[in-house]
**Q** 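Quick one: the structure is below, and I'll ask about it shortly.
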Amino acid sequence: MKKKLAIIGAIEGTENRILEKDYLFMVNTLLKYNDINDFDIHLLQPTEYDILPKTKKELESLGVNYNKKISEYNQPGRDFNYTNKPIACKYFYDNISDDYEYFLWLDGDVLVKSKLLLPIVNDDDVMFIYNNEFYSKEYNKYITFSSENYLYDHNCYINLTDKLGFKNKNYRATNSWIIYAKSKNNLWKEWNKETREYIEGVEKIGPDKFLFYENSTNFENRIEEWTMDVVIRKNNYNHILPEGVHTYNSKDLNCDEYFEDYLDSNHTIHFDNISCLLDNIYLKEYFNNPFIKTTFIKIYGLEKYKEIFI
């Protein structure tokens, strides 16, 4: 009999070990406020960069299913590559989609502060957020905010698509830190295929021939944000907006961004990087909880806690 939900993600040993710390933090908060009997957690290491034995042991003690399968498609370098997301999604589709009704992808840089609120979705629904969608407390709905940063990136994606000879059907980059759909939805496997075609096209032509080359850091790693929408639109999937999530994005360029207000009813908070708490008072409010602060100190250390909260 199928279990309802698998929460999935990708982990590896980055230089600063921050990805390991993030996932330990996320899983601890997730389990504190949600019943483990409602879901399983699966993490894949798709690279040769091993997590620490200590991290592996802690994850296992939390009930996390950890697997390592090195993918031939990983980009070089020890810094985490965004494109490991579609690689991991295809792995989970191939290996465990028969065992679960739904998959929920969560990045590690996420705080879960209360019970998850997940909608009932149909076979052709995908719950996600576009990169310029933010929840507005003032209007009580999601709004689009096309900042200078967003518009520059969008032009880079258009240039990328045009140079590779792909048809652009008004695609938009997605914010792929949270994705929710039926486990048998083709997105989980086709996203990797589409991403590979774009990455290989860039490698063949040369990154320096694209608009993104001069000003955007690690833009090639972020192609998955674009190809996710490509797959969604090619399959005519319905875009479902999540409820109760805070969609904070850090800045890639030195320009103003839209910041969401603090909303107490939010249950899942994307903080992007622990250091981002220094820049956003609304984001920091979500951490004002004894358990969360104690867990923060345990995982990130007392000095980081003092830097941010004192």
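Being a predicted model, the structure only gives us computed values, none of them experimental. Counting begins at 1 with the first residue of the sequence.
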**Q** Is D38 paired with K115 through a side-chain N to carboxylate O contact shorter than 4.0 Å?
**A** yes
**Q** Please step through side chain to side chain contact (heavy atoms under 4.5 Å, CB included) for the pair V202 and F210, ending with a clear verdict.
**A** CA-CA 8 Å; V202 170; F210 294 86; 4.1 Å; yes
**Q** Where the side chain of N168 meets the backbone of I158, is there a donor-acceptor pair that is under 3.5 Å apart?
**A**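 Judged by distance alone, no pair lies under 3.5 Å.
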**Q** Hey, are the side chains of Y180 and L106 touching, using non-hydrogen atoms and a 4.5 Å cut-off?
**A**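 No, too far: nothing below the 4.5 Å cut-off.
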**Q** Any donor-acceptor pair under 3.5 Å linking the side chain of N266 with the backbone of T268?
**A**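 Side chain of N266 to backbone of T268, a donor-acceptor pair under 3.5 Å: no, none is there.
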**Q** Go through L59 and L43 one step at a time and tell me if the side chain to side chain contact (heavy atoms under 4.5 Å, CB included) criterion holds.
**A** CA-CA 9 Å; L59 288 171; L43 296 180; 4.2 Å; yes
**Q** Side-chain heavy atoms under 4.5 Å apart, restricted to Ile/Leu/Val/Met/Phe/Trp/Tyr: what other residues fall into the cluster of Y73, or is it alone?
**A**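 Same cluster as Y73: I87.
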**Q** Do the non-hydrogen side-chain atoms of Y248 and E260 ever get within less than 4.5 Å of each other?
**A** no
**Q** Could you check D125, D123, N122 and say which one makes a side-chain hydrogen bond (donor to acceptor under 3.5 Å, both in side chains) with K182?
**A** D123
**Q** Look at the side chain of K21 and the backbone N and O of G301, then say whether any donor-acceptor pair between them is shorter than 3.5 Å.
**A** no
**Q** Please lay out, stage by stage, how E101 and L5 fare under the test side chain to side chain contact (heavy atoms under 4.5 Å, CB included).
**A** CA-CA 6 Å; E101 186 177 358; L5 176 67; over 6 Å; no
**Q** Flag yes if L24 and I36 sit in one hydrophobic cluster, no otherwise; membership is Ile, Leu, Val, Met, Phe, Trp, Tyr, and two members link when side-chain heavy atoms are under 4.5 Å apart.
**A**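 Yes.
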**Q** Considering residues, nucleotides and ligands other than K2, do more than 12 of their heavy atoms fall under 6.0 Å from its NZ?
**A** yes
**Q** Measure the CE-CG distance between M127 and N238 for me, rounded to the nearest 0.5 Å.
**A**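 Here the interatomic distance stands at 14.5 Å.
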**Q** Using the ring of each side chain (for Trp, its six-membered ring), is Y262 parallel, tilted or perpendicular to Y286, with breaks at 30° and 60°?
**A** tilted
**Q** Under 3.5 Å, is there a donor-acceptor pair between the N149 and S147 side chains?
**A**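 There is no such pair (donor and acceptor under 3.5 Å, judged by atom type) between the side chains of N149 and S147.
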**Q** Go through the steps to decide whether Y198 and V230 satisfy the test side chain to side chain contact (heavy atoms under 4.5 Å, CB included), and finish with yes or no.
**A** CA-CA 11 Å; Y198 272 74; V230 172; 4.0 Å; yes
**Q** Can a salt bridge be assigned to the pair K184 and D98 using a cut-off of 4.0 Å between side-chain N and carboxylate O?
**A** yes
**Q** Indicate the ring-plane relationship of F287 and F296, choosing parallel, tilted or perpendicular according to the 30° and 60° boundaries.
**A** perpendicular
**Q** Could you pull out all residues at least two apart from W191 that satisfy ring-ring contact (aromatic ring centres under 6.0 Å, His included)?
**A**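 In terms of ring-ring contact (aromatic ring centres under 6.0 Å, His included), with neighbours along the sequence ignored, W191 is linked to no residue.
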**Q** Taking all atoms of both residues into account, what is the closest heavy-atom pair of Y152 and L211, and its distance?
**A**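 In this case the closest contact between Y152 and L211 is OH-O, 3.6 Å.
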**Q** Roughly how far, to the nearest 0.5 Å, is the CZ atom of F39 from the CG atom of L118?
**A** 10.0 Å
**Q** Is a side-chain donor or acceptor of H267 paired with a backbone partner of E243 at a separation under 3.5 angstrom?
**A** yes
**Q** Check whether the side chains of T161 and W226 place a donor and an acceptor atom closer than 3.5 Å, and report yes or no.
**A** yes
**Q** Is a side-chain donor or acceptor of T29 paired with a backbone partner of V112 at a separation under 3.5 angstrom?
**A**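 Yes; judged by distance alone, with no hydrogens or angles, the pair exists.
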**Q** Check whether any side-chain heavy atom of N186 sits under 4.5 Å from a side-chain heavy atom of Y237, and report yes or no.
**A**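 Counting from C-beta outward, N186 and Y237 do come under 4.5 Å.
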**Q** Would you please indicate yes or no on a ring centroid separation below 6.0 angstrom for Y130 and H239?
**A** yes
**Q** Determine the sole option in F103, W105, Y93 for which the ring pair (Phe, Tyr, Trp, His ring centres under 6.0 Å) test with W188 is passed.
**A** F103
**Q** Side chain of T55, backbone of I51: donor and acceptor closer than 3.5 Å?
**A** no
**Q** Within the structure provided, determine whether L44 and I11 are in side-chain contact (heavy-atom separation under 4.5 Å).
**A** no
**Q** What closest approach, in Å, do L187 and I179 show between heavy atoms, and which atom pair accounts for it?
**A** CD2-CG2, 3.9 Å
**Q** For the pair K85 and D107, find out whether any cationic side-chain nitrogen is under 4.0 Å from an anionic carboxylate oxygen.
**A**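 Answer for the salt bridge query: yes.
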**Q** Report the distance from atom CG of N132 to atom CD1 of I143, rounding to the nearest 0.5 Å.
**A**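 Reported to 0.5 Å precision, the distance equals 10.0 Å.
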**Q** May I ask you to decide whether E20 forms a salt bridge with R17, counting only side-chain N to carboxylate O separations under 4.0 Å?
**A**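 Yes.
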**Q** Quick check against the 3.5 Å criterion: does T174 have a side-chain atom that pairs as donor or acceptor with the backbone of E225?
**A**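 Side chain of T174 to backbone of E225: a pair is present.
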**Q** In Å and rounded to the nearest 0.5 Å, what is the CD to CG distance from E148 to L151?
**A** 8.5 Å
**Q** Less than 4.5 Å apart, side chain to side chain, heavy atoms only: is that true for V231 and K234?
**A** no
**Q** NZ of K113: more than 12 outside heavy atoms within 6.0 angstrom?
**A**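 Check passes, neighbour count above 12.
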**Q** With side-chain hydrogen bond (donor to acceptor under 3.5 Å, both in side chains) as the criterion, how do E133 and N175 come out once you've worked through the C-alpha distance, each side chain's angles and the decisive distance to 0.1 Å?
**A** CA-CA 9 Å; E133 286 181 318; N175 198 336; over 6 Å; no
**Q** Where is the tightest heavy-atom contact between A173 and Y157, given as atom of each residue plus distance?
**A**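 Heavy atoms only, the tightest pair is CB-CE1, 3.6 Å.
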**Q** Starting at CD of Q45, measure out to CG of L19 and round the result to the nearest 0.5 Å.
**A**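 Between Q45 CD and L19 CG, I get 10.0 Å after rounding to 0.5 Å.
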**Q** Does K54 NZ have over 12 foreign heavy atoms under 6.0 Å away?
**A**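 Check fails, neighbour count at 12 or below.
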**Q** State, to 0.1 Å, how close S97 and S183 come at their nearest heavy-atom pair, and which atoms those are.
**A**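 The pair with the smallest heavy-atom distance is O-OG, 3.0 Å.
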**Q** For Y100 and H42, take the angle between the two ring planes, folded into 0 to 90°, and tell me which bin it lands in: parallel under 30, tilted 30 to 60, perpendicular over 60.
**A** perpendicular
**Q** Check whether any side-chain heavy atom of F92 sits under 4.5 Å from a side-chain heavy atom of D99, and report yes or no.
**A** no
**Q** Is it true that K193 and E190 have a side-chain N and a carboxylate O under 4.0 angstrom from each other?
**A** no
**Q** Below 4.5 Å, heavy atoms only, C-beta onward: do R233 and K169 meet side chain to side chain?
**A** no
**Q** Would you call the rings of H154 and Y150 parallel, tilted or perpendicular, taking 30° and 60° as the class edges?
**A** parallel
**Q** Would you say E200 has more than 12 foreign heavy atoms packed within less than 6.0 Å of its CD?
**A** yes
**Q** So which atom in S114 and which in N34 form the shortest heavy-atom distance, rounded to 0.1 Å?
**A** O-ND2, 3.3 Å
**Q** Are the side chains of L283 and D272 in contact, using a 4.5 Å heavy-atom criterion?
**A**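 The answer is no, as the side chains (C-beta and beyond) never meet within the 4.5 Å cut-off.
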**Q** Could you pull out the closest heavy-atom pair between D153 and S216, with the gap in Å?
**A** OD1-OG, 4.0 Å
**Q** N185 pairs by side-chain contact (heavy atoms from CB on, under 4.5 Å) with which of V121, I232, V126, N235?
**A** V126
**Q** Rounded to the nearest 0.5 Å, how far apart are CG of D279 and CD1 of I281?
**A**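 Spacing of CG (D279) from CD1 (I281) equals 11.5 Å.
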**Q** Do the two ring centres, one from Y300 and one from F25, sit under 6.0 Å apart?
**A** yes
**Q** When you look at CZ of F309, are more than 12 heavy atoms from neighbouring residues, nucleotides or ligands closer to it than 6.0 Å?
**A**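 Enclosed: over 12 neighbouring heavy atoms sit under 6.0 Å from CZ of F309.
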**Q** Run the salt-bridge test on R172 and D229 with the 4.0 Å N-O cut-off and return the result as yes or no.
**A** no
**Q** Any salt bridge linking K189 with D94? Criterion: basic side-chain nitrogen under 4.0 Å from a carboxylate oxygen.
**A** no
